[in-house]
Structure formats: C-alpha cells, structure tokens
Amino acid sequence: MPNFRGVRLTNAHETLLWASPSRESAHTFHHHALKALNDGQQMRSDWVLPVCSGKERLRVDGAKAHPAQKPEALLYRVLTASSRPGDVVLDPFFGTGTTGAVAKRLGRRWVGIERDPGYAALAEARIEGTIEGSGDSLISQDDRRRAPRLPFGRLLEEGLLTPGENLFFDADRGRSAVVLADGALLAGPVMGSIHLVGRHFAGGSPCNGWEHWFYESEAGELRPIDHLREELRAATRAE
C-alpha cells in the first residue's frame, strides 16, 4: 500500500497467510520446492521481484489495462509454495487473471471473482492463450514433510543396515561412525543420533543426518542412507 499522507513508513512487503480448513488437516507448504527454486538455499521471507512490465503488462490502446497487475513470477512462487497439482485456487479479486494464468501453467484449477466486465474479459482472453501444464512436470513436488516418519532404527529392524556397520559423513571415507544396535552412532568419544553426530562433524551447524550419512553398498559404492528410508517407505506403501 502506498503512503500518500506521509504519516507512517511505506509498506515494503505483503504478508502471506497459510491456513487449513480444520484442526485435523494440515496446511500446504512446499519447503523443498521453494528451496529448489532458490538455487538450493532456503527461501527467505523477503522477496525481491520486478514489477509487471514489458510484454507481460496488459495494455489497452497503449495504456495499462490494470493499475495493479501482479507479476506472474510472484504468483508462481506463491502457488508453488502453497498448492499441489489439481488443487483449486480461489482469487476473489481476479483483476486481469494473473492467478488463473499461473495456476493453469502449474496444473492447478482456479476460481476467479471479478466485478469489472472489462477486466474479466481480459482475464478470459489471457488464460485462454496460456499453455496448460501438468504441474508435476514443471516443479519439484518434494513432499517429505507429509511422508510417513520413519526413525533411523527401522533400517536396523528391517535388516537394511546392521549393527557394527560403518557410515560415512558427506561421502568422505575419512570421517565415519559405527552403527550401534539401538540406532545410535559412535564416532570416537561422540555418541548419539544421526543428526547429533552429524552436527559434530559439521562443526556444530544444524545437520539433517538423512542427507549427510552414506552407507557402502555391496558393489562398494557410497549411497545416501535416505535411499534406504525411501525404499522402506515404498515397501510400506505397497503393503
């Protein structure tokens, strides 16, 4: 919102809210998809995106068709974060249809509400000319947070790892830990979970052990232990 009266700071951000329809349901937030969009770095809460301009800006007789047309890059990021392919996206202030166009690109369905017939006509024409995507082929839907939680010890219980086996940190055979029967790791004087011992090797930085520990396959190759977890999840789903 602009600050015309000069009595406060000009707002430099808009707030996004995540909600779910009931206490029993979880809101959608694709952390890993946003991280992939941001070159592998966790997405920050402050986004710097250019305003809508150039060919993307809709014009009628050379003038801007809508004074507040949002850039598609903004809606692309919002819908990537908060929806899945096939979901219905509601925009009660549809304007020239930016939300609908991006929803179509990402394989989402949409409902738009717009009281101005001129804007509604522009939105219809714009969305009609937008190529529809499947969603799955356009963005990474890494939904690990919704996957069944499996403790590291399950890999031992299912025989995918054995007590006394060595795990290697960050594919570096120079740094290793021994797997104990209860699922803890032992690396010299340090003993604890895959995350705690991983944090020790990472110099105290937070560490997701599933992403940093490797086991040696029968062929002598180092592979992430997360692959074993995914195998176990797949077997569980198949049952």
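FYI, side chains are in, hydrogens and waters are out, and symmetry mates aren't considered; it's all heavy atoms of this structure.
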> Where does the angle between the aromatic ring planes of F169 and W213 fall among parallel (under 30°), tilted (30 to 60°) and perpendicular (over 60°)?
Replying inline: perpendicular
> Who are the salt bridge (Lys or Arg N to Asp or Glu O under 4.0 Å) partners of R44, not counting sequence neighbours?
Replying inline: D46
>> Which heavy atom of L122 sits nearest to which heavy atom of A65, and what is that distance?
In response: CD1-CB, 3.5 Å
>> The test is side-chain contact (heavy atoms from CB on, under 4.5 Å); show your working for L161 and Y215 and say whether it passes.
In response: CA-CA 8 Å; L161 291 175; Y215 72 99; 4.0 Å; yes
>> Just by distance, no angles: are the side chains of R105 and T130 close enough, under 3.5 Å, to form a donor-acceptor pair?
In response: no
>> Ignoring hydrogens, what is the shortest heavy-atom contact between A103 and R109? Give both atom names and the distance.
In response: CB-O, 4.4 Å
> Donor-acceptor pair, E114 side chain versus D116 backbone, under 3.5 Å?
Replying inline: yes
>> Connecting only ILVMFWY residues whose side-chain heavy atoms lie within less than 4.5 Å of each other, what is the rest of V51's hydrophobic cluster?
In response: none
>> Holding to salt bridge (Lys or Arg N to Asp or Glu O under 4.0 Å), I want the full list of residues that pass it with R59, two or more places apart in sequence or in another chain.
In response: none
> If you round to the nearest 0.5 Å, how far is CH2 of W47 from CG of L34?
Replying inline: 6.5 Å
>> So does A68 get a backbone contact from the side chain of H66, meaning a donor-acceptor N/O pair under 3.5 Å?
In response: yes
>> Test your reading of the model: is there a side-chain donor-acceptor pair from R108 to the backbone of L106, 3.5 Å cut-off?
In response: yes
> Is a donor on one side and an acceptor on the other found under 3.5 Å between the side chain of H27 and the backbone of S20?
Replying inline: no
>> Working note: R84 + T28, criterion side chain to side chain donor-acceptor pair (under 3.5 Å); need CA distance, chi angles, decisive distance, verdict.
In response: CA-CA 8 Å; R84 298 183 180 84; T28 297; 3.0 Å; yes
> So which heavy atom on W18 is nearest to which on S82, and how close?
Replying inline: NE1-CB, 3.5 Å
